[in-house]
Every structure is written in structure tokens, then in C-alpha cells.
Trainee: 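Let me begin by handing over the structure; questions about it come next.
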2 protein chains.
Amino acid sequence: MGLTEAYRGGRVSPQRELIADTADRLGRAFTVDELCGAVREKRENVGVATVYRAVGALEGSGWLARVGERDGSVLYARCVRDAHHHHLVCTGCGTVAYIECPLDAGALNTAAGHGFEVTRHEIVLYGTCAACRSSSQMAGDD
Amino acid sequence: MGLTEAYRGGRVSPQRELIADTADRLGRAFTVDELCGAVREKRENVGVATVYRAVGALEGSGWLARVGERDGSVLYARCVRDAHHHHLVCTGCGTVAYIECPLDAGALNTAAGHGFEVTRHEIVLYGTCAACRSSSQMAGDD
DNA sequence: TTTACTGCAAATCCTTTGCAGTCTG
DNA sequence: CAGACTGCAAAGGATTTGCAGTAAA
């Protein structure tokens, strides 16, 4: 997916190019504020509103995905995979992994049994990645 | 579970009794603001902060559960079932149904394969209940 | 009597919006 | 050129916090 599609046919300003590039390089889940901070390391004076608007567009095209929240802020992550899937987020470092959708016929049948027609679902798994577990062991905070 | 346990051993004031009773009677998912409005129909001058604090306590004991969000506000619902489960929320009227946890060995193995140790997960299914579907058909907004 | 709970108001904090100016397409 | 994007600042909205007073235990 090119940046033009990522921005849903909108214009690709230098700021938007930098924002997408930065999000991509982060390689982990981030809040808009964190992304904004990272962007400003390369170019100062990028407004928060600009980042919020860019993230909104990137989310709309599926280039970014919401992967839960942290301390009241929405967490986003670069979403490369095409097929339907969900995310596994390390609460320590934000590393993200993909997982298959665990919803099976059983779950949907249960919903249908209740008279529900499922239109949308949100699934996020939080955990600790191997690196964070070993570093916390070394620090003794287990 | 009695109210004392629901409030985690805290004090049970008339306000807290009313708040729990109102949440129970609502019988659907609600935001703190909605709950506060319903509570005030019975007793005015109940502060929002009081409701927020009560809901926080009720959530901590498992008497209430977060079941997603709507328009930027957290959605809560009375949680009766003991065993681990998740919720199905009608986006029309807020009706809630329980569903079994769809996470199976496969999903957890995938996580383990990525080096992750899953500590927590959030699953919410949104949809429309039979009543809302039929009423929207009658209204012609299908 | 102790101290948790209450109501009110102020404070936080994330996110959105309004505007005038700039720059992409 | 038109209008989409930008930076700044103000607005908005949900939730939290500070405080003095009240009341559960």
C-alpha cells in the first residue's frame, strides 16, 4: 500500500510522509502523543492536531489499527497483514504480534442463540514478550 | 454477592445502595453519565464524582464489568456470571448477553510461539438484538 | 469516635475544532 | 487555482481530585 492509499487519496504533505514513516519505524504500539514526540525529533513544530488528523486518516485506510489503550490514551500500531486478525501487545515495550481471530462458529452460534447478529468485535491480548520477561527477571521485579 | 462485598468491604451509604440498585435495574450496558441520570430520577443531588467512585469500586469487585465503549465513554454492565466470560452488546439498546471465552489453545499457542505470555485479554462483540432489528425494519432504516 | 463517603467545583488530560496561512495536485 | 493540510490556540468532554462536611460502623 502506497502512502496515497494509506491516506485514503488525500494529499501527502512532508509532514504526513514523516508521520507515516515514523509510525512504521517505531515498530511497536504507540499513543498519538508518543508518535508526535518521535516525529518532532526529526522535525519540530509539527502540531499535535496534524498528527491526530494523520493518524485518523491512516486508521481509516487500515494502514494503522487501534490496538487497545494505555493510561487513557488509544494505542495504535502499524498493520501490515491483510486478512482479518487481532493483536497481541506487550505491556512492557509495546511490541505487537498478530493472532488469528479466535471467534469460531460456537461463539457466533451462541450470539445467534441470544437473537444477536454480530456486526463488529474487538479482541486484544495483552502480555509480556520474552525480552521484557527476561529483563524484568534481571531487575528482580518478579 | 452482597452489597458490602460488591463495594469491596467499603461503606454502603444510601447513595451507594441506590447506585447499585439502579445499575441492576437498568438491565443493559450504560455509561456513568447515563447511570448518574437514572440515579438522579430517584434522588437528586447525587454528585457525578460519587457515581464514578461507586462504579470504580463495583468494577473492582467484579460486580460491574467494562463492556466496551460508546462515543468516547466507557460502557459498564452488571456482571452476574461467575465463570470467565465476555460480553455481547447490542449497539441499539445496550442489551447485554454473555458468551464463552473463545480463546483456545491455538490462540495461546500462537502467542507463546511469538514468545508472549498472555496476562490479560479483552473481547467484546457488538451487534444488534432481535428486538432492535425488527424495530429498525419497521422504521425502514435497513 | 474514626474515617470513608458525599457533593461541589476546580483541575486534568486526551482529542477535536476553528482559523488564517501554506502548499499539494 | 481550488481546497486540503498545517500549526496554534481554544474548545470540548470524560474522568479525577481537593476539600470541608456528613454519616456508616
Side-chain angles (χ1 to χ4, degrees), chain A residues 2-23 29-61 63-76 94, chain B residues 2-23 29-61 63-76 94:
Chain A
L3 277 190
T4 303
E5 302 98 274
Y7 280 113
R8 311 169 84 183
R11 295 182 180 170
V12 181
S13 62
Q15 289 94 327
R16 289 191 155 195
E17 198 171 330
L18 175 59
I19 289 169
D21 183 59
T22 306
F30 54 82
T31 63
V32 171
D33 204 53
E34 290 167 356
L35 175 58
C36 191
V39 164
R40 285 174 170 161
E41 288 179 6
K42 286 276 189 174
R43 172 178 177 145
E44 299 180 5
N45 300 324
V46 174
V48 215
T50 298
V51 181
Y52 270 99
R53 284 186 276 234
V55 167
L58 292 172
E59 184 195 356
S61 71
W63 198 89
L64 279 182
R66 266 178 208 236
V67 291
E69 66 163 61
R70 188 173 61 217
D71 302 326
S73 298
V74 177
L75 277 183
Y76 292 92
Chain B
L3 277 191
T4 303
E5 302 99 274
Y7 279 113
R8 311 169 84 182
R11 294 181 183 172
V12 181
S13 62
Q15 288 93 327
R16 288 191 157 196
E17 198 171 328
L18 176 59
I19 289 169
D21 184 59
T22 306
F30 54 82
T31 63
V32 172
D33 204 54
E34 290 167 356
L35 175 58
C36 192
V39 164
R40 284 175 172 161
E41 289 179 6
K42 286 275 189 177
R43 172 179 178 143
E44 300 179 5
N45 302 323
V46 174
V48 216
T50 298
V51 181
Y52 269 100
R53 284 184 278 232
V55 166
L58 292 172
E59 185 196 355
S61 71
W63 198 89
L64 278 183
R66 268 178 206 235
V67 292
E69 67 164 63
R70 186 173 63 217
D71 302 328
S73 298
V74 177
L75 277 182
Y76 292 92

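Letters go in sequence order (proteins before strands), and every chain restarts at 1.
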Trainee: Roughly, in whole Å, what's the span from CG in A/Asp71 to P in C/dC13?
Mentor: 11 Å
Trainee: Go through the structure and list residues passing side-chain hydrogen bond (donor to acceptor under 3.5 Å, both in side chains) with B/Glu5, not counting sequence neighbours.
Mentor: none
Trainee: Could you work out, with side-chain hydrogen bond (donor to acceptor under 3.5 Å, both in side chains) as the rule, every residue matching B/Arg11, not counting sequence neighbours?
Mentor: none
Trainee: First and last nucleotide of DNA chain D in contact with chain B, 5' to 3', at under 4.0 Å to a heavy atom: what are they?
Mentor: D/dA14 to D/dA25
Trainee: Using the side-chain contact (heavy atoms from CB on, under 4.5 Å) criterion, which residues pair with B/Arg66? Sequence neighbours excluded.
Mentor: B/Glu59, B/Val74, B/Tyr76
Trainee: Looking only at heavy atoms, what is the nearest atom pair of A/Ala57 and A/Arg16, with distance?
Mentor: CB-NH2, 4.5 Å
Trainee: Got a second to check how far B/Glu17's CD is from B/Arg43's CZ, nearest 0.5 Å?
Mentor: 10.5 Å
Trainee: Which of residues 5-14 of chain A have a heavy atom under 4.0 Å from DNA chain D?
Mentor: A/Gly10, A/Arg11, A/Ser13
Trainee: Output the rounded distance in Å from CD (B/Gln15) to C1' (C/dT6).
Mentor: 6 Å
Trainee: Starting from the 5' end of DNA chain C, give me the residue, A/Val32 or B/Arg40, whose nearest nucleotide shows up first.
Mentor: B/Arg40
Trainee: Please list, by residue number, the residues of residues 46-58 of chain A whose heavy atoms come closer than 4.0 Å to an atom of DNA chain C; answer none if no residue qualifies.
Mentor: A/Ala49, A/Tyr52, A/Arg53
Trainee: Between A/Glu17 (CD) and C/dT24 (C1'), how many Å, whole number?
Mentor: 12 Å
Trainee: Have a look at the helix from C/dT1-D/dA25 to C/dG25-D/dC1 and give the angle its two end axes make, five pairs each, rounded to 10 degrees.
Mentor: 50°
Trainee: Return the polar atom pairs (N/O with N/O) between nucleotides 20-22 of chain C and the protein under 3.5 Å, or none.
Mentor:
none

Trainee: Holding to side-chain hydrogen bond (donor to acceptor under 3.5 Å, both in side chains), I want the full list of residues that pass it with A/Asp33, two or more places apart in sequence or in another chain.
Mentor: none
Trainee: side-chain contact (heavy atoms from CB on, under 4.5 Å) with B/Val39: which residues, sequence neighbours excluded?
Mentor: B/Leu18, B/Ile19, B/Thr22, B/Leu35, B/Val46
Trainee: For A/Glu69, what residues pass the side-chain hydrogen bond (donor to acceptor under 3.5 Å, both in side chains) criterion, not counting sequence neighbours?
Mentor: none
Trainee: What residues form a side-chain contact (heavy atoms from CB on, under 4.5 Å) with B/Ala6, not counting sequence neighbours?
Mentor: B/Met1, B/Leu3, B/Leu58, B/Ser61, B/Trp63
